[in-house]
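We use all heavy atoms of the structure for the numbers below, so side chains are in, but hydrogens, waters and symmetry mates are not. Naming: A, B, ... by sequence-line order, numbering from 1 per chain.
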Number of protein chains: 2
Amino acid sequence: MSPPPAKPPRSKNPHGATESCLAVRDILTRVGDKWSVLVVGSLGEGPLRFSDLKRGIEGISQRMLTLTLRGLERDGLVTRTQYPTVPPRVEYALTPLGHTLLDPVQELARWALESRAAIQTARGRYDTKPKPPPASGPTRR
Amino acid sequence: MSPPPAKPPRSKNPHGATESCLAVRDILTRVGDKWSVLVVGSLGEGPLRFSDLKRGIEGISQRMLTLTLRGLERDGLVTRTQYPTVPPRVEYALTPLGHTLLDPVQELARWALESRAAIQTARGRYDTKPKPPPASGPTRR
DNA sequence: CGGGATCCGAGACGATACTG
DNA sequence: CAGTATCGTCTCGGATCCCG
């Protein structure tokens with residue numbers, strides 16, 4: 001529909017880390033969205049039904065829960081099992097691959113809990129003094 | 001500018017994990033954006049100037065680099081040191097708190113590299129068969 | 001060299017209504 | 001109960017211009 005823009009090829013690779021950067025950003029696009037980690041975390045304790053997930057995460061809309069679960073299922077991180085009963089019942093569970101994600105995520109969660117106070121303190125400090133008076137020498141703010 | 005909507009307070013806490021959820025999501029909002037981890041990763045090897053960061057990350061615009069650095073500086077994860085020379089020279093470095101973030105992030109990066117192949121395989125499988133014919137019993141797809 | 005200001009498109013997200 | 005469809009909003013992020 002549109003002419004192919006033909007991305008300009010990477011010119012150089014000053015740090016030699018470009019390949020892994022792409023992979024890492026790819027994963028963070030998946031995991032770093034607003035809800036994925038919370039869903040994975042909830043499923044870490046065991047399989048859950050759709051409604052239980054929705055109740056457990058509190059604040060998520062059924063739309064986002066559906067989209068998040070689809071994405072995770074697509075990436076092979078969760079499985080979807082649907083029982084053709086009435087009323088319908090669908091259970092979600094982590095795959096083995098999904099379980100391996102649980103560890104790094106929990107590490108990050110631990111860091112978040114440990115650092116939350118420090119970060120909020122820093123934010124308060126930053127927000128209250130955006131006043132660097134002109135002086136001589138290197139300016140630290 | 002707008003009238004305060006006065007968020008309705010949380011009604012219940014079915015899993016007892018709501019508090020940490022907020023903290024984790026808060027951190028992921030900071031770290032899970034498109035560039036923060038890459039900036040932190042680049043600075044992990046040592047302090048860098050603005051232009052070096054821009055060159056090293058490749059693909060980032062100076063706008064996003066500036067915004068990302070401001071955010072990280074605000075949260076106390078990086079320091080900004082500006083030398084009043086001509087031409088101006090600004091160096092960014094990780095704070096001790098920023099260094100503590102490096103570890104969990106690298107774990108996640110390792111997971112990303114290890115799981116990338118599996119994820120892409122799963123994606124391909126999911127994209128090629130969205131065709132569950134109606135059958136009896138629990139349906140796995 | 002470093003970075004602020006502005007414009008703009010694309011996608012993420014939420015609320016609601018409807019279906020099987 | 002477990003979704004899908006549609007809509008409106010809002011933020012993210014890139015391009016560009018300008019300033020110290």
### Query
Which atoms form the tightest heavy-atom contact between B:Gly76 and B:Thr95, and what is the distance?
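Closest heavy-atom pair between B:Gly76 and B:Thr95: O-OG1, 2.7 Å.
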Taking atom [atom2] of [N] as reference, at what distance in whole Å does atom [atom1] of [X] sit?
X       : N      : atom1 : atom2 : answer
B:Glu73 : C:dG3  : CD    : C1'   : 13 Å
B:Phe50 : D:dG20 : CZ    : P     : 18 Å
A:Leu69 : C:dC13 : CG    : P     : 14 Å
B:Lys54 : C:dC1  : NZ    : P     : 11 Å
A:Leu65 : D:dG3  : CG    : P     : 8 Å
B:Arg49 : C:dG3  : CZ    : P     : 11 Å

Report yes if the side chains of [X] and [Y] come closer than 4.5 Å at any heavy-atom pair, otherwise no.
X       : Y       : answer
A:Trp35 : B:Arg25 : yes
B:Leu65 : B:Leu53 : yes
A:Arg63 : A:Leu67 : yes
A:Tyr92 : A:Val39 : no

### Query
D:dG3, C:dC1, C:dG4: which one has an atom nearest the side-chain heavy atoms of A:Thr66?
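Looking only at heavy atoms from C-beta outward on A:Thr66, the closest nucleotide is D:dG3.
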### Task
Among the candidates D:dG3, C:dG3, C:dC1, find the nucleotide nearest to the side-chain atoms of A:Tyr92.
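Within the option list, the nearest is D:dG3.
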## Note on the structure
Once base and sugar-phosphate atoms are separated, protein heavy atoms under 4.0 Å mark nucleotides 6-17 of chain D, 5' to 3', with B, S and - as B------BBBB-
### Task
Output yes when at least one side-chain N/O atom of A:Arg89 is less than 4.0 Å from OP1 or OP2 of D:dA2, else no.
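It does not, given that no N or O in the side chain of A:Arg89 lies less than 4.0 Å from OP1 or OP2 of D:dA2.
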### Message
Whether A:Ser51 contacts D:dA2 is assessed here as follows: a side-chain N or O lying under 4.0 Å from the phosphate OP1 or OP2. Is that the case?
### Response
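The answer is yes; a side-chain N or O of A:Ser51 sits under 4.0 Å from OP1 or OP2.
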### Residues in salt bridge (charged side-chain N to carboxylate O under 4.0 Å, His left out) contact with B:Arg30, at least two apart in sequence or another chain
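B:Arg30 satisfies salt bridge (charged side-chain N to carboxylate O under 4.0 Å, His left out) with B:Asp75 once adjacent residues are dropped.
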